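Owing to the predicted nature of the structure, the values given are computational and were not obtained by experimental measurement. Counting from 1, the numbers follow the sequence of the chain as shown.
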Amino acid sequence: MQQRKTCCHHHIFNRKSAVLNKGESCIISLLLKQTNAIILTSTQLTWQTLQPDSAQYQSVFSRIADEETDALATVQPRLLNALAHLHHQSQGFPLLLVRSQENRDYLTFIVQAAQRVMADTTTLSGGDYHIIADNVTLQPPSDPQRPFTSQGGIHFAEWIEMEQLFGCVRQYKDRIQLEPGLIHRANGGTLVLSLRSLLTQPILWLRLKKCIEQGYVEWTSQDERRPLPVSIPSLPLSLNLVLCGDREALADFQELDPEAHEMAIYTEFEENIQVLDEDDMLAWCRWSAELAQQAGLPVPEVDFWPELIKEGVRYSGDQDTLPLCPRWLQRQMRESALMGDVLNAEALRDALEARLWRENYLNERMRDEILLRQILIETEGEVVGQINGLSVVEYPGHPRAWGDPSRITCVVHPGDGEFMDIERKAELGGNIHAKGMMIMQAFLIAELELDQQLPFSASMVFEQSYSEVDGDSASLAELCALISALANQPINQQIAVTGSVDQFGNVQPVGGLNEKIEGFFDICHQRELTGQQGVIIPACNVRHLSLNQAVVTAVEQGRFHIWAIDRADEALPLLTGKIWSTEDGQGDCLLNTIQERISLFNQPDVPQRPWALRWLNWFNHR
């Protein structure tokens with residue numbers, strides 16, 4: 001009886017507690033709703049932040065043609081400094097390594113930069129060969145019109161062969177003829193070469209290096225089995241050498257000749273410019289206008305520049321950074337010129353839309369697969385342990401990457417605390433993706449503050465993914481899916497997520513933001529925008545946004561949303577309607593729900609009494 005009383009008193013106490021806590025729970029629920037509303041509004045981006053702000057430079061656009069600005073000196077100061085240093089170098093091996101592309105456009109601009117700092121000279125270099133029968137003599141240089149007499153200058157070549165570089169000896173019956181090579185024409189000046197052409201012909205580099213070091217060019221037979229028919233005096237050589245290549249080519253050159261690499265001057269052809277003020281913007285516009293002039297294109301109109309800036313930000317990946325690549329800039333302007341007689345905003349938009357249509361076949365077919373539900377992507381409703389992640393698809397040989405939503409699912413079951421990455425188990429997950437999974441697990445275990453092993457195991461997978469998955473940009477989405485499965489709390493399928501997390505729950509930047517957002521927006525738009533759909537991105541990625549006008553307009557009208565967050569727990573109220581944790585550790589939150597579920601699971605099972613004995617309980621409680 002005493003035991004039963006105790007139980008009765010215990011039940012009465014619980015009922016009183018429930019009455020007392022009812023008011024508290026209402027207050028807590030109200031506070032949680034207010035917290036969720038604050039998160040919704042504080043992290044939501046306005047449409048003005050989705051594209052670079054070019055309005056502040058409107059006065060610059062109107063005076064580009066009137067300003068006398070040295071664009072080359074402003075956008076390529078390192079290159080000019082290195083060329084000047086090479087020109088004034090009097091000792092050592094005269095070699096400059098330039099990190100740049102190796103096409104004709106880049107080599108041409110490097111030559112133009114060299115001409116700025118290397119003044120013309122009237123000094124003659126080389127010599128004058130006189131051939132009488134089988135006797136070849138070398139006289140001092142006297143006439144710049146002679147084939148082996150040079151006034152220096154700047155010379156370049158995209159590709160060179162042995163004969164093209166060093167010339168050759170030709171014999172016609174009893175007659176000897178010497179043909180000059182590029183090294184003879186550049187004698188006394190500067191030679192600009194593509195590094196790849198030398199890397200594929202190491203003997204060519206070794207001979208060129210020897211000629212520059214010893215200060216003269218020896219004549220050799222192209223065929224080792226057939227020596228030269230006559231003895232030819234060596235030609236004095238004075239030459240500055242500029243080798244241009246990308247980072248991979250420079251690394252290969254370092255391996256080929258570490259000594260030359262160590263002693264060389266190094267610089268870069270800067271691929272972009274950071275625009276911090278009007279002077280920077282003016283320099284970039286002048287550089288682009290000069291490229292248009294060199295290509296024989298009309299002067300860009302004032303309204304052309306904001307559109308070019310938007311596309312430039314997509315290319316550079318940063319709202320404060322604009323591309324300097326001559327080929328890229330001239331391509332935008334050439335294609336725009338095909339749309340009309342002037343370079344204006346409408347012409348550039350038409351050119352970009354036409355290019356997108358030409359290159360968008362694969363993207364449209366993938367989108368059709370989703371719309372026809374051959375690839376399952378939910379954009380409405382709620383599901384436990386399922387979330388829309390965002391990825392970027394890049395096909396080899398295809399010129400354009402595009403965003404593709406991915407369905408990530410997580411299943412939780414009783415186990416020994418193992419988090420299984422199915423992609424990794426199936427050998428479809430890369431090392432970086434595996435690293436992101438482990439970091440995400442470390443954050444969750446630290447937050448739970450468990451004194452014992454987690455009694456649940458989980459499995460995570462990219463559904464309907466049949467190729468390798470790599471990168472850590474899905475770790476935020478995977479973390480949210482795991483928390484949803486552990487807390488048995490559904491996730492809003494109208495929202496997609498991208499971002500990586502660290503072990504402290506900070507959300508880190510990822511790549512391909514514009515393509516990812518536009519990919520999910522296209523699916524939502526095709527299925528009809530509800531005004532509740534959107535994307536969660538890292539706050540540090542906001543500066544990388546330059547979204548197309550359709551997305552910007554939808555955000556402006558409130559039919560689509562973009563939230564930018566700093567921490568992983570800020571994504572959970574948006575996705576689940578519940579916050580991750582409370583300051584006092586009380587109340588209805590996801591962390592408490594998971595801990596309660598773990599506690600219930602860890603309680604020892606009470607053995608069930610036989611059914612006949614269960615009737616005794618009924619009589620005892622009477």
Side-chain angles (χ1 to χ4, degrees), residues 47 50-55 57-66 71 75 101 103-106 108-109 271-273 275 281-317 319 321-365 367 397-403 514-515 517-519 521-522 525 545-554 556:
W47 65 271
L50 307 183
Q51 290 179 336
D53 180 18
S54 57
Y57 300 112
Q58 198 63 37
S59 61
V60 175
F61 304 149
S62 60
R63 56 187 173 90
I64 293 172
D66 302 328
V75 302
Q101 296 184 33
N103 54 63
R104 176 170 289 272
D105 292 333
Y106 273 76
T108 299
F109 278 102
E271 294 287 348
N272 50 60
I273 180 174
V275 179
M281 179 59 74
L282 179 60
W284 180 78
C285 293
R286 287 290 303 166
W287 169 258
S288 303
E290 288 180 9
L291 291 175
Q293 183 180 5
Q294 292 179 13
L297 300 172
V299 177
E301 301 287 332
V302 173
D303 65 345
F304 179 82
W305 298 108
E307 292 298 323
L308 184 61
I309 289 171
K310 293 177 188 177
E311 191 64 18
V313 168
R314 289 182 70 96
Y315 182 79
S316 68
Q319 291 185 356
T321 305
L322 293 174
L324 296 173
C325 175
R327 281 200 162 184
W328 185 87
L329 287 167
Q330 287 183 337
R331 180 188 182 186
Q332 315 312 310
M333 293 184 283
R334 284 195 182 101
E335 293 188 9
S336 300
L338 295 175
M339 298 296 170
D341 298 331
V342 295
L343 291 182
N344 57 19
E346 183 181 1
L348 180 54
R349 283 193 295 266
D350 291 344
L352 295 176
E353 289 175 4
R355 187 194 306 165
L356 176 62
W357 176 78
R358 290 194 303 268
E359 299 175 354
N360 218 31
Y361 174 79
L362 279 179
N363 185 10
E364 290 179 358
R365 298 292 76 77
R367 191 188 311 155
H398 194 274
R400 182 186 295 268
W402 67 87
N514 296 301
E515 291 80 6
I517 295 172
E518 291 167 359
F521 172 82
D522 288 342
H525 184 263
L545 294 178
S546 183
L547 295 165
N548 63 38
Q549 194 57 44
V551 179
V552 175
T553 301
E556 183 181 6

At what distance, to the nearest 0.5 angstrom, does [atom1] of [X] lie from [atom2] of [Y]?
X	Y	atom1	atom2	answer
Leu291	Arg286	CG	CZ	11.0 Å
Leu348	Glu311	CG	CD	7.0 Å
Ser316	Ile273	OG	CD1	11.5 Å
Met281	Ile64	CE	CD1	9.0 Å
Leu282	Tyr57	CG	OH	11.5 Å
Trp284	Leu308	CH2	CG	4.0 Å

I'd like to check the salt bridge (charged side-chain N to carboxylate O under 4.0 Å, His left out) partners of Asp105; sequence neighbours left out, ordered by chain and number.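 By the salt bridge (charged side-chain N to carboxylate O under 4.0 Å, His left out) rule, Asp105 matches Arg327.
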Considering residues, nucleotides and ligands other than Glu556, do more than 12 of their heavy atoms fall under 6.0 Å from its CD? yes
List the steps, then state whether side chain to side chain contact (heavy atoms under 4.5 Å, CB included) holds for Arg400 with Leu356. CA-CA 9 Å; Arg400 182 186 295 268; Leu356 176 62; 3.8 Å; yes
Whether His398 and Trp402 hold their rings parallel, tilted or perpendicular, with breakpoints at 30° and 60°: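 Perpendicular.
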Under the side chain to side chain donor-acceptor pair (under 3.5 Å) test, residues paired with [X] that sit two or more places apart:
X	answer
Arg63	Glu67, Glu278
Arg365	Asp368
Asn363	Asn360
Gln319	none

Residue list, side chain to side chain contact (heavy atoms under 4.5 Å, CB included) with [X], at least two apart or on another chain:
X	value
Ser62	none
Gln101	Asn103, Tyr106, Glu271, Cys325
Ser546	Pro52, Lys310, Val313, Arg314, Asn514

Residues that Phe521 engages under ring pair (Phe, Tyr, Trp, His ring centres under 6.0 Å), provided they are two or more places apart: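 For Phe521 the ring pair (Phe, Tyr, Trp, His ring centres under 6.0 Å) partners, ignoring immediate neighbours, are His525, Phe560.
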Only counting residues at least two apart or in another chain, list the ones meeting ring pair (Phe, Tyr, Trp, His ring centres under 6.0 Å) with Trp287. Phe109
Can I get a per-line list of side-chain donor-acceptor pairs under 3.5 Å for residues 332-342, giving both atom names and the distance, sequence neighbours left out?
unit_1	atom_1	unit_2	atom_2	d
Gln332	OE1	Arg355	NH1	3.3
Gln332	OE1	Arg355	NH2	2.9
Gln332	NE2	Trp328	O	3.0
Glu335	OE1	Arg355	NE	3.1
Glu335	OE1	Arg355	NH2	3.0
Glu335	OE2	Arg331	NE	2.9
Ser336	OG	Gln332	O	2.7

Using the rule given for side chain to side chain contact (heavy atoms under 4.5 Å, CB included), can you reason through Trp305 versus Ser54, listing the C-alpha separation, both sets of side-chain angles and the distance that settles it, and then say yes or no? CA-CA 8 Å; Trp305 298 108; Ser54 57; over 6 Å; no
Trp47 side chain to Ala554 main-chain N or O, any donor-acceptor pair under 3.5 Å? no
Just by distance, do the side chain of Gln51 and the backbone of Leu547 share a donor-acceptor pair under 3.5 Å?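 It does hold such a pair.
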If you define the side chain from C-beta out and look only at heavy atoms, does anything of Ile517 sit under 4.5 Å from Leu50?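 In short, these two side chains do not touch, never coming nearer than 4.5 Å.
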Could you name each residue pair satisfying side chain to side chain donor-acceptor pair (under 3.5 Å) that touches residues 343-352, not counting sequence neighbours?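 Qualifying pairs, neighbours excluded: Glu307-Arg349.
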